[in-house]
Every structure is written in structure tokens, then in C-alpha cells.
2 protein chains.
Amino acid sequence: MRRPAKPPSVRPAKPRRAAARAPAARPYHHGDLRRVLIDAAMQLVGEGGPEAVSVREAARRAGVSPGAPFRHFPSRDALMNAVAEEAQRRFRAEIETALVDAPAGDPLGRFRCLGIAYLRWTMQNPTHFEIISSRRFFDHDRSAGVSSDNAELIGLTERTLAEAFSAGQLVARDLKQVQIAGRALVYGFARMHIDGHLPRWGVGEAEVERMAADIVDLFIAGIARPATPAAKV
Amino acid sequence: MRRPAKPPSVRPAKPRRAAARAPAARPYHHGDLRRVLIDAAMQLVGEGGPEAVSVREAARRAGVSPGAPFRHFPSRDALMNAVAEEAQRRFRAEIETALVDAPAGDPLGRFRCLGIAYLRWTMQNPTHFEIISSRRFFDHDRSAGVSSDNAELIGLTERTLAEAFSAGQLVARDLKQVQIAGRALVYGFARMHIDGHLPRWGVGEAEVERMAADIVDLFIAGIARPATPAAKV
DNA sequence: CAATCCGTGTAATCGGCGCTTACATTCACA
DNA sequence: TGTGAATGTAAGCGCCGATTACACGGATTG
């Protein structure tokens, strides 16, 4: 928690709205402090993980007094909520973008795309993923934005896998188990990365995305009905 | 971080060693403060998770002044290290105990036992597992005890799965992928539990251990060479 | 047995934190 | 033009981790 010496609060002087003919120095009213605080907190998350976010430091970076943020967020948790919503929004957008290139008529193929897009984003944004995945940093239940975006994504993967099931692409009997196992697999790999376990398993940073794709494929191979073989009774 | 009102520091008066004929009141020297601090911190972890541990609260529960713990631990992180070592020791002991009942000649069966024992402990001790699994709460690299215990466990599972591979029990080609996927699966399920994801996936607290066993079995079914079935070419 | 050293306790203090309160400034609207 | 609401500042509270100076007392040694 102890912070190293900091340059004395750069203060980028950002009069955004309501600055029509105002003088150059930041006016008394910031203009868009809420937004700037969220951005600063997002940056802090990127730099040092969720626990590196402090209200005071965000205020410092925004160039306002330590009490100012509390006009916009009733608590640090509320700020974290906003940060998590921002991260969740980006996460969802990226995954849905990746899905447009996915094969339309092949639910299992779409599931594969989902898993790989999920892992790609988490590998590239580990600390931001950490916020939205752990209950510690804010109150999920009280954050409608995160919950709804998250529920959308979960619903999407559930539906996709259910379609694969209905289409007879799976050998498994219990769809719910497959869904949870699939989720546990990708979530576990993402957390192994975040928590620094992968080096111990012989996966260097350069191979991470490749390995991510490989284990998604391995999982799919484990649940997919063998496609072409002449076997099967 | 704000703490609710506390009874004024119960002070259980524990003169352990060096208390032969001493008076009832705690002597000036505590006797075994290091041990008591670790126990208090373990309890705090159990009550409110790793971030609920504060040096001052541990000191309070041990009945000593706020500065006393720093005679035994140079920092909060060092205390967390000790707590993590304790947790890791218990974790390893439980898993190795579970393994004695495992089938001797069946590596894959032993692997199953490992996975289930792993998940059982994590389901029953989520906050303690959180400490030893996340790099956030202390410095893994500087904690020989945690590292070695952890390396032992990982080595054990790796060897077990490798034996299954050598014995021809697996269909997979790439052993390393299978090992990482297996780890990701159990770790992911454990973290889903810790992070409160399971309710959203329709897994109530009562069904958790059952579901844990189910997905371990599902994973094994996905990698195991079909044993008896009359099908298969 | 007495002197003393050092391990281990206390007391006081520092700066950082989240958060609150009282006050100041400015915007927006009647 | 006046006035209230919105939003900034200043100061302060208690908690935290950590450090320092000092006090106690068990063990070692002459």
C-alpha cells in the first residue's frame, strides 16, 4: 500500500464540457470528473492490479482534491463497480466481435471461437479480467451493468453449447456438466495465467495463446462425437 | 477495511513455554507469539478471506501491542507467507492422506482420487485455498515452504497422469496439454467456487462436491481410452 | 550470586488510506 | 438577476503498516 514518490500530480487540465471560452487553467468545476476518475482507475488496474486502485491516487491523477471523487462515487467499491462495468463492456464487445467470423451452421465451431476469444482477451488483459471475475473488488449483485453483460455472455455460451448438443455434436449425456466443465476449463486457464501458475507448468508467455487454443481443442475433442469415422457400432 | 466494534481484546492468557510456576497473568514475554499470530491470522482468513488479515487485528487477538508482531515478521506479507505455508501444509497432508486409499495399479483411478481430494479440500477451505493459489497475498518465490509443498503436489499429479499415459490409458497425443487442461479444470472449478460463480451456473452449495466429482469424471471420460465397450472399430 | 546482553515486549509516532463534514465556488434555471 | 443545486476544497476522523526509542526479563557468564 505504501506508495513511492510521485511527481506532483501532473494535472492535464482537461476542461471538456462547459469550457467554451473559459481560461486555460482547469476551471473550478472539472467538467467530466466521473469519466476521468474511471479512466484513471482503469489505468491503475492495468498497472498494478485491482488492489492498486486507491481513491486518492485516482483523484491525484485527475488533479482534484482527495474528497472530490466522493461526489461521484459513494465509496471505493462504487468506483470499482464502474471500472468493472467498463472492463466488462470491452470484454463483451471483443467476444461478440470475434463471433461474427465464426461458422454459422456449426455450433461447436462457434463454441470454439467463444472459448478462444475469451482466453485471448483474458491473456491480454489479465488485471482487468481479474476485476470482473472476482467478487472481492466490488459488489456484483449491485452492479447491474456487469451482471447483465456477464449474463449475456454466459447465456450466449450456454445457448451455443446447447445447440451443439441438440444438433448431436456431443457425446456427453449431461449438458449441464459439460457447460460447467467447459467454463471451469477456460476460467481455470485464465486464472492460472493471472495467478502466475503457467511458468511452473512450462508455459512461457510467448506460448500462452497457443496453449489456450490447444486446451480448448482438447476439451472439444473430449466432448465431441467423432465426426467422420466409420466406427461407432 | 473498516472494522466493526470489537470486544476489547479478550487476551486468552496463554503462557505456553517458560511459564512453569509463573503467575496467571501473561508474563511480559509472550512465550510463543509467532505461533499464536499465525493461528490468529489463519482464523482471520477463515472468517473474512485473505484481505481481512491485518497485523494489528492479529496482535489484538494475541493480546499484544500493535508493534509486537514486527518482532517476528518483518511485514504483513511475511505473516501471510507463514499463513500460506500452514495452509499449504494442511492441503498437502489431506491430499496425500486421500491418496492412500486410491487404487494402486490404476494410475487414472489415482488421478481421479487426486482431483476429487483437491476439490474437496478447496470446497471446504475456500479462503485458505485462495491464499496459496493467488500470488497477490504474499511472495511465492520467497516462501520455500509453500513452493516445495506445492511443487510436490504438482509433481505427484504430473507423475500420476504420466503413468496413465505410459500405461496406455489415455487417447490423447500430447501429455503436457492433458496435464495443463486437467489442472485448469480443477483449478477453474475451485476458483469458480471461491469467486462465487457457481450459483449463477445452477450449482447450489449442497451440490458442489457432487458436481466437482462429476466434472472430474467427465474430464477423465474425455481423455481415457474407451475400456470395455464393444464398439470402437 | 551478580552483572550484563539480547530477545522480545510497549509506547509513541509517521504517512497513507477511506470516508465525512463544513465551507467555497460556479452552473443552471426561474 | 437572484438563488439553489451541483460539485469542488480543506480539514479531520479512525484504521492501517511500519519504524523508533525505550522497558522488561530470561539466559549467559565471570
Side-chain angles (χ1 to χ4, degrees), chain A residues 1-6 8-9 11 13-23 25-37 41 44 48 50-81 137-139, chain B residues 1-6 9 11 13-23 25-37 41 44 48 50-81 137-138:
Chain A
M1 290 298 189
R2 183 112 327 163
R3 291 176 192 294
K6 286 274 169 52
S9 182
R11 173 176 307 203
K14 300 183 187 177
R16 290 200 178 190
R17 205 197 310 151
R21 61 192 187 283
R26 180 175 69 76
Y28 187 88
H29 287 311
H30 187 288
D32 200 5
L33 183 54
R34 181 187 162 86
R35 181 72 247 162
V36 172
L37 287 171
L44 285 168
E51 80 280 10
V53 175
S54 84
V55 176
R56 294 176 104 102
E57 178 60 22
R60 232 169 271 133
R61 297 195 173 192
V64 295
S65 67
F70 292 93
R71 292 289 178 201
H72 301 271
F73 304 97
S75 67
R76 179 184 183 277
D77 263 26
L79 173 59
M80 295 304 273
N81 267 15
F137 303 109
F138 70 101
D139 184 352
Chain B
M1 290 296 186
R2 184 103 336 151
R3 295 179 186 292
K6 288 273 168 55
S9 179
R11 174 177 306 206
K14 300 184 184 176
R16 292 200 174 189
R17 205 198 310 151
R21 62 193 186 284
R26 178 176 69 75
Y28 187 86
H29 288 304
H30 187 288
D32 200 4
L33 182 54
R34 182 187 161 86
R35 180 71 247 163
V36 172
L37 287 170
L44 285 168
E51 79 281 10
V53 175
S54 84
V55 176
R56 294 176 103 99
E57 179 60 23
R60 231 169 272 132
R61 296 195 175 192
V64 295
S65 68
F70 291 93
R71 292 289 180 201
H72 299 271
F73 305 97
S75 68
R76 178 184 183 276
D77 262 26
L79 173 59
M80 295 304 272
N81 267 16
F137 303 109
F138 70 101

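No hydrogens, no waters, no symmetry mates; every other heavy atom, side chains included, goes into these values. The sequence lines fix the lettering, A, B, ..., with proteins before strands; numbering per chain opens at 1.
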Closest approach of A:Val53 to A:Ala41 (non-hydrogen atoms, all atoms of both residues): CG2-O, 3.8 Å
From CG (A:Leu37) to CZ (A:Phe70), nearest 0.5 Å: 10.5 Å
Close residues, residues 71-78 of chain B, relative to DNA chain C [heavy-atom separation under 4.0 Å]: B:Arg71, B:His72
Value in whole Å for how far the C1' atom of D:dC16 lies from CZ of A:Arg56: 13 Å
For B:Ala58 against B:Leu44, the heavy-atom pair lying closest together: N-CD1, 4.1 Å
Shortest side-chain distance from B:Val64, nucleotide among D:dC16, C:dT20, C:dT10: C:dT10
Distance in angstrom units between A:Leu44 CG and C:dG18 P, rounded: 11 Å
Separation of D:dG14 C1' from B:Glu57 CD (nearest whole Å): 14 Å
Closest non-hydrogen atom pair, A:Met80 against A:Phe137: CB-O, 3.2 Å
Value in whole Å for how far the P atom of C:dG7 lies from CG of B:Leu33: 16 Å
Residue pair A:Pro69 / A:Ala59: nearest heavy atoms and the distance that separates them: CG-CB, 3.6 Å
Interatomic distance where CG belongs to A:Asn81 and C1' belongs to C:dG18 [whole Å]: 16 Å
Distance, nearest 0.5 Å, that separates OG of A:Ser54 from CG of A:Leu79: 9.5 Å
Phosphate OP1/OP2 of D:dA10: any A:Ser65 side-chain N/O under 4.0 Å: no
Atom-pair distance (CZ on B:Arg60; C1' on D:dG14), nearest Å: 11 Å
Candidate nucleotides D:dT9, C:dG18, C:dT13, ranked by approach to the side chain of A:Val55 - the nearest: C:dG18
A:Phe70 CZ - C:dG18 P separation (whole Å): 6 Å
Spacing of A:Asp32 atom CG relative to C:dT26 atom P, expressed in whole Å: 19 Å
Value rounded to 0.5 Å, distance of OG in B:Ser65 from CZ in B:Arg56: 9.5 Å
